[in-house]
Trainee: 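What follows is a structure written as structure tokens; I'll ask about it next.
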Amino acid sequence: MFDLSSIFDRLFPICRSITGPGLRESLEILGEYMPLEMHGVASGETVLDWTVPDEWSVESARLIGPDGNVVCDFAQNNLHLVNYSIPHSATLSLADLQPHLHSLPHLPDAIPYVTSYYSPRWGFCLTHREREKLQEGQYVVDIRTKLQPGAVNFATSVLPGESDETILISSYLCHPSMANNELSGPLGLLRMYERIKAMPYRRHTYLFLLCPETIGSICYLSRFGEEIGKRLVGGLVLTCLGGHRDTLSFKMSRQDWVGTPGPIDSLARTFADWYPKKFEIREFTPISGSDERQFCSPGFNLPVIQAARTVYGQFVEYHTSADDKRFMRIEQVERAADALAEFIEVFDLHDSHLENTHPHGEPQLGRRGLYPTINSPMNRGSSSDGFTDHRTTLNRLLMMLSLADGKRGLLEIAAKIGCGADQLMPILRELQKMDMIKTVAKV
């Protein structure tokens, strides 16, 4: 398994934005762990209702106080510079400087994250505590940035399945040094890629997309939207998978909002019903969110939902330097990715029925290692590893084989047995490995 903690440590210091070398470097690092095809859409190109901006890069940026001490230094923390600041050199009084400074009175020890992608301006961000200490006098502004023709970059990866009908797993890369609101999504996507790649059977093809938020998904849809719209059966946008909350939430798609929910909306609600302490539902809104807003825009209206744990805007550390590794917690991202991989494995079979390949008589399980070799009360208790007891697992296996008559799907079989469909997935994987169950298209 990939070590997400060490990958985080490589990605966190990089100054990312919606364009530029930091974005490409981050994609290249993730490309060491999953095969990525890089794409670029040139500055000035029209993408849907937008125009691709010039590319931004930073050489250095410092704010020096009247006493000669450095107040803000991009080299020390990339959040000190307003993202997409234009180059600027000047000597200013404190009064003239103040409109270009950003701090948070309610979070006095955190540096805010501020952007100005499409309106040219410059500025510095600092803690409110440091801002209050600033003395009267002349301040030296030295911002050495470049805005020049380049590209918006994004990357894709494909895991083929039995069908070319596609499931999308997407996340964004565009924020500098933040954890939950930036790296939890790509790290969760990386772990899900690893899990889905290891599935013994994939009914669908999986498309993984990493892009800068909003403009990246707009560039992707401008180039591939018509094509993917013909094949997409469901999608999942990953954001804010870390933090303190125990519950994962699904934001429904626009299809669900307007009264025509797709299979992925229905499954999300089913999971929330099965496991109310583990999953909950958020209704769709076009007002706030992540790239599901672009996929679900009325012209595309794709069946894409969003998954999050500690949601944007619902934690005070949001868009500040306080959103760090300690707040995000790698183990929370791991748990989220595992839970969402199980959700996707169930969804992979949403349009299939299961069929027992040995339906005449009870198949011999013992020679396949699926049945206890001695029939004794000793092997009917709990297993030593603390998981579901052997007898329950065996009973579910036998019931699954009996119900897999080519006329029922996984959800129907789970309902009949009286358990969650994800609880049957380990059994199903083993039966698939041994060619004892196959999937058939629903008629």
Side-chain angles (χ1 to χ4, degrees), residues 159-167 192 195-206 233-234 261-275 278-279 303 338-373 375 379-380 383 385 387-443:
L159 284 173
E162 183 182 84
S163 165
D164 66 354
E165 292 185 330
T166 299
I167 296 172
M192 288 186 69
R195 284 280 305 267
I196 293 168
K197 183 180 179 182
M199 286 166 54
Y201 169 83
R202 289 189 295 272
R203 165 78 180 87
H204 295 90
T205 291
Y206 286 83
V233 297
I264 197 162
D265 292 296
S266 299
L267 184 62
R269 292 190 183 278
T270 297
F271 263 62
D273 289 340
W274 283 342
Y275 309 113
K278 192 173 181 180
F279 296 98
D338 286 343
L340 293 172
E342 290 172 358
F343 171 83
I344 285 296
E345 282 193 79
V346 174
F347 182 66
D348 189 71
L349 297 172
H350 78 275
D351 58 355
S352 302
H353 285 158
L354 301 181
E355 186 173 291
N356 184 342
T357 59
H358 297 79
H360 298 97
E362 184 176 301
Q364 188 177 6
L365 301 180
R367 66 182 175 88
R368 296 178 171 92
L370 297 174
Y371 199 88
T373 56
N375 191 1
N379 58 36
R380 297 174 190 166
S383 59
D385 59 11
F387 291 107
T388 306
D389 71 284
H390 297 309
R391 178 56 60 184
T392 298
T393 300
L394 178 59
N395 289 347
R396 287 175 176 175
L397 184 152
L398 292 169
M399 285 190 283
M400 176 176 276
L401 286 171
S402 182
L403 291 166
D405 54 7
K407 300 176 182 178
R408 295 176 176 83
L410 179 62
L411 291 180
E412 296 168 277
I413 291 174
K416 184 68 175 177
I417 294 174
C419 64
D422 58 315
Q423 294 176 289
L424 296 180
M425 285 306 303
I427 298 171
L428 179 58
R429 290 188 208 112
E430 288 301 312
L431 294 174
Q432 287 175 324
K433 283 180 185 178
M434 297 179 184
D435 296 321
M436 297 183 69
I437 277 186
K438 66 179 181 179
T439 62
V440 295
K442 290 182 179 179
V443 178

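What you see below is based on every heavy atom in this structure, not just the backbone, and it leaves out hydrogens, waters and symmetry mates.
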Trainee: Just distance, no hydrogens or angles: give the donor-acceptor pairs under 3.5 Å from side chains in residues 397-416, sequence neighbours left out.
Mentor:
{"residue": "Asp405", "atom": "OD1", "partner": "Lys407", "partner atom": "N", "Å": "3.0"}
{"residue": "Asp405", "atom": "OD1", "partner": "Arg408", "partner atom": "NH1", "Å": "3.3"}
{"residue": "Asp405", "atom": "OD2", "partner": "Arg408", "partner atom": "NH1", "Å": "2.5"}
{"residue": "Glu412", "atom": "OE1", "partner": "Gly409", "partner atom": "N", "Å": "2.8"}

Trainee: So, Tyr275 versus Asp422: side-chain donor-acceptor pair below 3.5 Å or not?
Mentor: yes
Trainee: I would like to know whether Leu365 and Leu394 meet side-chain contact (heavy atoms from CB on, under 4.5 Å); could you show each step before the answer?
Mentor: CA-CA 10 Å; Leu365 301 180; Leu394 178 59; 4.0 Å; yes
Trainee: Tell me, do Ile427 and Arg429 make a side-chain contact under 4.5 Å, heavy atoms counted?
Mentor: no
Trainee: Is there side-chain contact between Gln364 and His358, with at least one heavy-atom pair below 4.5 Å?
Mentor: no
Trainee: How far does CZ of Phe343 sit from CE of Met425, to the nearest 0.5 angstrom?
Mentor: 13.0 Å
Trainee: Check the orientation of His350 and Phe347. Use parallel for under 30°, tilted for 30 to 60°, and perpendicular for over 60°.
Mentor: parallel
Trainee: Rounded to the nearest 0.5 Å, what's the gap from CH2 on Trp274 to CZ on Phe279? Could you check?
Mentor: 10.0 Å
Trainee: What distance do Leu431 atom CG and Leu370 atom CG have between them, rounded to the nearest 0.5 Å?
Mentor: 6.5 Å
Trainee: Is the shortest heavy-atom distance from the side chain of Glu355 to the side chain of Ile437 under 4.5 Å?
Mentor: no
Trainee: Keeping Thr166 on the side-chain end and Asp164 on the backbone end, is there a donor-acceptor pair under 3.5 Å?
Mentor: yes
Trainee: Salt bridge between Glu430 and Arg368, side-chain N to carboxylate O under 4.0 Å?
Mentor: no
Trainee: To check you understand the geometry: which heavy-atom pair defines the closest contact between Ala339 and Lys278, and what is its length?
Mentor: CB-CE, 3.9 Å
Trainee: Identify the heavy atoms of Gln423 and Gly420 that sit nearest to each other, and give their distance.
Mentor: OE1-N, 2.8 Å
Trainee: Can you check whether Ile167's main-chain N or O pairs, donor with acceptor, with His204's side chain at less than 3.5 Å?
Mentor: no
Trainee: Please report the closest heavy-atom contact between Met192 and Ala341, naming both atoms and the distance.
Mentor: CE-N, 3.9 Å
Trainee: Apply the test side chain to side chain donor-acceptor pair (under 3.5 Å) to residues Asp348 and Tyr201: give CA-CA distance (whole Å), side-chain angles for both, the deciding distance (0.1 Å), then the verdict.
Mentor: CA-CA 9 Å; Asp348 189 71; Tyr201 169 83; 5.8 Å; no
Trainee: Would you find a donor on one side and an acceptor on the other, under 3.5 Å apart, between the side chain of Thr357 and the backbone of Met436?
Mentor: yes
Trainee: Could you tell me whether a side-chain N or O of Arg396 sits under 3.5 Å from a main-chain N or O of Leu424, the two making a donor and an acceptor?
Mentor: no
Trainee: Quick one: are Asn356 and Lys438 in side-chain contact, heavy atoms under 4.5 Å?
Mentor: no
Trainee: At what distance, to the nearest 0.5 angstrom, does OG1 of Thr439 lie from CG of Leu428?
Mentor: 9.0 Å
Trainee: Among all residues two or more places apart in sequence or in another chain, which pass the salt bridge (Lys or Arg N to Asp or Glu O under 4.0 Å) test with Asp351?
Mentor: Arg203
Trainee: If I compare all heavy atoms of Lys442 with all of Ser352, which pair ends up nearest, and what's the gap?
Mentor: CE-O, 3.6 Å
Trainee: Would you indicate whether the side-chain heavy atoms of Thr205 and Glu165 approach each other to under 4.5 Å?
Mentor: no
